[in-house]
Amino acid sequence: MLNTAILIVSGILCVALILNLWRLLRGPDLSDRILALDTMYINSIALILLYGMHMGTNLYFESALLIAMLGFVSTVALCKYLLRGDIIE
Amino acid sequence: MSLFWIPLLPLLGTLVPLLSERFGRSACALFTAILPAIALAIVLNLSLEVLQGNTLLQSFSWIPAMGLDLSFRLDGLALLFCILILGIGLLVILYARYYLSQQDSMSRFYAYLILFMTAMVGIVTSNNMIQLWLFWELTSISSFLLISFWNHKSDARKGARMALTVTGAGGLALLAGLLLIAQIVGSYDLDVVLASGDTLREHAAYPIALVLVLLGAFTKSAQFPFHFWLPHAMAAPTPVSAYLHSATMVKAGIFLMARFYPVLSGTELWFLIVSLTGLATLLLGAYIALFKHDLKGLLAYSTVSHLGLITLLLGMDTQLAAVAAVFHIINHATFKASLFMAAGIIDHESGSRDMRKLNGLWKYMPYTATLAMVAAASMAGVPLLNGFLSKEMFFAETLHQVALGSLSWMVPVLATLGGVFSVAYSTRFIHDVFFNGEPIDLPKTPHEPPRYMRIPVEVLVALCLLVGIFPGFIVGDLLASASSAVLAGNLPEYSLSIWHGFNLPLVMSLIAMLGGLVIYYNRRHLFQFQAQFPETDAKLVFERLIQSLVAGATEAHKVFENGSLQRYMVLLLLFALVLTAGPLMDLNTTAGLRPHLPIDAVEITAAVLLCLSALATMIWHRKRMIALLTLSVVGLIVSIAFARFSAPDLALTQLSVEVVTVILLMLALFFLPQKTPKESSPRRVVRDLGIAAIIGGIIGTINYALMTRPLTSISDFFLANSKTGGGGTNVVNVILVDFRGFDTLGEITVLGIAALGIFKLIARMRLFMPAGDENGRPWARDRHPVMLAVISQSLLPLALLVSVYIFLRGHNLPGGGFIAGLVTSVALVQQYVAHGVDWIKERLKIDYQWLIASGVLIAALTGLGSWVFERPFLTSWFDYFHLPWIGEFELASAMIFDLGVYLTVVGATLLILANLGKLTTSHRPTQPESE
């Protein structure tokens with residue numbers, strides 16, 4: 001049961017990731033692209049967690065944790081760049 | 001033990017003048033003299049033993065792994081030189097006290113002088129060839145400092161540079177020669193070398209070793225054709241000239257020849273090179289000396305000539321000639337040092353050294369004149385003075401010379417000719433300066449020097465007289481001991497008396513006297529003759545040579561390095577292509593035997609994402625911001641791939657590096673144009689595309705070929721030993737902090753240096769902020785949005801907790817100091833982004849430079865700590881402990897090392913990022929100036 005769910009969810013995530021990239025490449029605005037990248041971070045977290053569940057190990061959860069944290073910082077920095085240009089003032 | 005002190009005391013003495021300067025000039029000189037005086041006392045104390053024919057030896061282990069010892073010897077030759085170097089050195093210290101003016105820094109002068117003295121004493125007492133060479137180079141450097149002491153004068157700088165270049169180049173040749181000798185003999189030990197003369201002389205490489213060692217000796221001793229540097233070194237203060245060009249610097253080359261005399265001499269080649277060079281130098285120096293109007297110039301060329309004489313004697317390769325050479329070393333040192341000092345006094349008290357102006361000084365300074373005249377007479381070889389004795393021995397030896405066959409008569413004739421000129425320039429020194437009319441518009445009215453300035457001259461002149469009259473009594477023992485060291489114990493019969501009866505050498509002396517006087521009397525004709533030759537300035541020739549050398553090197557350099565990164569890249573890749581294409585074509589099948597792993601939909605998706613985003617990065621590389629975003633996708637996918645294929649450590653590292661890089665690029669991007677103009681021509685694009693495609697294909701092939709083959713690598717060793725040897729189950733971390741800890745130490749040091757370098761580069765840089773973004777939209781008004789500030793602040797403790805967690809588990813599970821450091825940095829950078837530099841500065845009082853330093857220091861100290869337990873550098877220690885509440889846990893010294901890594905990474909990252917961010921913070925106009 002769980003394996004079927006994991007299979008379906010990972011398929012959905014793959015579609016989501018491809019759509020994210022599509023948005024990132026198309027734009028049209030820089031803010032669209034940044035949003036797309038941020039969503040990609042989130043989908044990657046999901047993918048990694050899913051893989052951990054599939055393998056029955058928690059070895060990958062730190063990667064997910066770091067993506068969550070660092071992805072946020074990265075998005076913040078990008079947004080700051082859009083707003084002010086100079087990210088550290 | 002005392003042998004060791006002989007060079008060590010002067011070495012310590014280098015600091016004395018610097019410390020004692022504030023007690024006044026006389027006190028400074030006095031204190032400076034103490035340590036060399038003690039060293040001299042030790043030498044004299046040991047001399048009793050040496051004079052009995054013993055060689056004192058003493059050595060300490062230096063670099064045992066290379067068979068190098070710090071080794072000192074005191075035999076007759078070393079004793080003689082030690083007495084000359086330290087004795088005349090002490091006199092020079094006294095003399096310089098009165099010579100230097102108030103503007104000259106006395107402590108600096110004395111420090112250089114004593115350093116030079118150390119180097120000289122080191123050369124003559126070394127028993128190890130490498131050690132000897134080190135001291136040899138130290139004389140080159142310290143003499144450079146001494147010659148350029150008046151560094152505001154252009155000719156002093158140029159002269160010093162010339163001396164350094166010539167003697168330094170010779171020093172390199174000498175090093176090669178000594179290494180070659182050590183190869184042949186099998187030891188750096190002088191004892192061994194001196195005992196294996198026959199092995200050396202019969203070896204095929206003997207001529208090369210000989211020429212290399214002689215190059216070193218000739219450049220140092222200003223032998224033709226390297227003599228040109230010595231006259232230009234006269235730009236130095238006169239005490240320096242008196243020291244360097246009488247007893248020390250130039251005698252180092254002579255010493256070297258004398259030291260290796262037992263092993264290198266005795267062959268046709270030695271005779272030809274050494275004696276002919278000596279003869280040419282003797283004649284050239286004596287001839288030019290006559291035409292020099294500068295007092296010191298005359299003495300300089302006279303020195304060249306006398307060095308040639310000693311070289312010639314050593315080259316003649318008879319035992320008596322070697323004795324005469326040693327004797328002349330002593331005599332030349334005494335009379336030349338006193339002459340230089342006298343010249344210095346004259347310069348000091350009359351303001352000029354030009355012999356066309358200096359006339360009739362007898363009336364003004366009769367006492368100094370008497371001293372100078374005695375010394376000059378000794379230089380000319382007048383009987384009852386020491387110069388006469390060795391010159392007589394020299395003449396006698398030239399008569400016995402038969403090695404040139406039927407041309408052997410030329411040697412005594414040319415030697416007499418040299419003697420003639422020697423008498424002529426000595427006469428000029430006496431007559432032109434002290435008689436010959438009245439002084440012509442001198443800057444000062446000449447007068448006698450201070451009492452104590454004359455003492456060194458008096459001592460030396462007294463020695464000239466005493467040695468001249470009672471040679472056997474004063475220097476007999478020393479001469480015998482030194483000569484037997486040069487001759488390896490085979491001392492010939494010789495007599496040191498003044499009168500040997502009316503013989504041929506005496507006739508030669510008489511001819512030289514008369515001839516010299518005749519030439520001096522007719523000097524006007526000779527001067528006119530000489531005036532027809534255009535005068536070449538060695539300095540100009542030398543500088544031109546150096547400049548053309550530099551230009552040539554620059555040209556050659558330009559061919560390889562023109563500053564175009566694209567070109568380097570192309571060359572690098574093409575070279576890789578050449579290297580790899582061959583072996584790959586030899587490979588029959590690309591795929592190996594290993595079965596493929598199953599592929600699922602997620603992996604295909606990731607591969608597609610990776611390819612697309614990489615392509616997009618390349619296509620949009622001129623729109624920098626978008627390229628940065630697609631690049632982030634590449635990084636993300638790579639990290640996920642690492643996690644998927646069992647490399648969680650790499651995934652964590654890649655993720656944190658990724659974010660730091662993105663932030664760094666954005667900081668830099670802000671000051672750069674947002675769009676790169678199109679620069680490459682279509683043809684170039686095609687070329688680059690082709691090269692890139694081929695290289696990509698090759699790298700892909702290599703990877704595929706490698707991964708489809710079973711491979712045993714060093715990984716298995718690490719896997720097997722990580723837990724037992726390093727105490728951790730996280731192999732990556734154990735490799736970093738234990739197996740290859742030394743690598744990591746080097747890497748964090750480089751990281752720290754790079755960070756400091758970047759900080760230094762941008763520390764004072766101030767860039768103005770543009771008014772709006774690339775489309776001209778003005779920036780948002782709100783600098784630090786409240787929502788961002790609040791969220792960031794509440795995120796900080798969590799982030800720090802994560803980094804502590806990752807740090808602590810690093811030894812056994814994915815994590816470690818490097819990743820934790822990056823996480824901490826990112827968390828703090830987040831605060832910088834949200835609150836600004838000024839806000840952080842108030843709250844986080846950490847100096848990042850100190851952080852880097854302490855990190856590197858902690859890591860290094862952990863490594864050194866293993867020495868306490870007598871283990872090799874960076875040996876790690878670990879053990880398991882049990883505490884109530886916490887349970888079983890492990891402590892490892894590698895964790896402290898990891899802490900060093902952590903601190904360095906945090907310091908370096910924040911130093912770079914925060915300072916890049918600061919570029920615009922100050923001085924930024926609140927409203928754009930264009931409005």
Side-chain angles (χ1 to χ4, degrees), chain A residues 6-7 9-11 13-18 20-22 24-25 27 30 32-38 40-41 43-45 47-48 50-52 54-55 57-89, chain B residues 601-602 605-606 608-609 612-613 616 625-626 629-630 632-633 636 639-640 643-644 648 651-652 655-656 658-659 662-663 666-667 669-670 769-770 773 779-780 782-785 788 792 795 798-799 802 806 813-815 819 823 826-827 829-830 832-834 836-837 913-914 916-918 920-921:
Chain A
I6 288 175
L7 209 66
V9 173
S10 58
L13 283 177
C14 283
V15 175
L17 277 170
I18 289 177
N20 290 154
L21 187 67
W22 174 250
L24 200 155
L25 297 182
L30 211 48
D32 295 317
R33 299 179 205 266
I34 292 175
L35 209 58
L37 181 64
D38 193 54
M40 272 186 113
Y41 283 130
N43 285 331
S44 323
I45 297 170
L47 205 59
I48 287 179
L50 209 61
Y51 183 66
H54 177 63
M55 302 298 288
T57 165
N58 55 8
L59 206 60
Y60 304 105
F61 290 178
E62 280 76 29
S63 310
L65 179 71
L66 276 198
I67 296 183
M69 207 182 99
L70 301 176
F72 172 69
V73 177
S74 169
T75 307
V76 163
L78 286 165
C79 294
K80 188 80 193 285
Y81 185 82
L82 271 193
L83 284 175
R84 303 273 314 161
D86 192 8
I87 58 172
I88 298 180
E89 296 188 73
Chain B
V602 179
T605 315
V608 168
L609 290 177
L612 282 180
S613 47
M625 192 60 197
I626 300 178
L629 289 175
T630 47
S632 301
V633 179
L636 179 67
S639 314
I640 296 176
R644 163 72 183 81
L652 296 182
L655 277 169
S656 31
E658 196 61 39
V659 175
V662 166
I663 292 173
M666 271 191 295
L667 281 168
L669 216 56
F670 178 55
M769 190 178 179
D773 67 3
W779 300 122
D782 193 359
R783 275 188 175 196
H784 306 297
L788 177 62
S792 303
L795 203 68
L798 288 175
V802 169
I806 285 180
L813 288 162
I819 304 171
V823 172
V826 170
V829 164
Q830 165 86 351
Y832 274 107
V833 174
V837 173
L913 293 183
L916 266 177
K918 264 189 224 165
T920 46
T921 43

Select one option (side chain, backbone, both, neither) describing which atoms of [X] are under 4.5 Å from chain A's heavy atoms.
| X | answer |
| --- | --- |
| B:Leu669 | both |
| B:Leu636 | side chain |
| B:Leu788 | side chain |
| B:Ile806 | side chain |
| B:Ala643 | both |
| B:Val833 | both |

Considering non-hydrogen atoms only, spot the tightest contact between [X] and [Y] and give its length.
| X | Y | value |
| --- | --- | --- |
| B:Met666 | A:Tyr81 | O-CE1, 3.7 Å |
| B:Ile640 | A:Ser44 | CD1-CB, 3.3 Å |
| A:Leu25 | B:Ala616 | CD2-CB, 3.5 Å |
| B:Gly917 | A:Asp86 | O-OD2, 4.0 Å |
| B:Arg783 | A:Lys80 | O-CE, 3.2 Å |
| B:Phe670 | A:Arg84 | CE1-O, 4.4 Å |

Legend entry - Top contributor to chain B interface from A:Ile18, A:Asn20, A:Leu70, A:Leu82 [non-hydrogen pairs under 4.5 Å]: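 Highest number of heavy-atom pairs under 4.5 Å: A:Leu70.
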
Inset, instruction - Check each atom of A:Met69 against the heavy atoms of chain B and say whether the ones under 4.5 Å are side chain, backbone, both or neither. - result: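 Side chain only.
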
Within a strict 4.5 Å, meaning less than it, do heavy atoms of the [X] and [Y] side chains meet?
| X | Y | value |
| --- | --- | --- |
| B:Leu795 | A:Phe72 | yes |
| B:Asp782 | A:Leu83 | no |
| A:Leu50 | B:Val602 | no |
| B:Met625 | A:Leu78 | yes |

For the atom pair [atom1] ([X]) and [atom2] ([Y]), what is the distance rounded to the nearest 0.5 Å?
| X | Y | atom1 | atom2 | result |
| --- | --- | --- | --- | --- |
| B:Leu655 | A:Leu65 | CG | CG | 10.5 Å |
| A:Trp22 | B:Leu609 | CH2 | CG | 13.5 Å |
| A:Leu30 | B:Leu629 | CG | CG | 6.0 Å |
| B:Ser639 | A:Ile48 | OG | CD1 | 8.0 Å |
| A:Ile87 | B:Leu667 | CD1 | CG | 4.0 Å |
| A:Ile34 | B:Ser632 | CD1 | OG | 10.0 Å |

Inset, instruction - Output the option from B:Val608, B:Thr630, B:Val633, B:Leu612 having the highest count of non-hydrogen pairs under 4.5 Å with chain A. - result: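 Of B:Val608, B:Thr630, B:Val633, B:Leu612, B:Val633 has the most heavy-atom pairs under 4.5 Å with chain A.
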
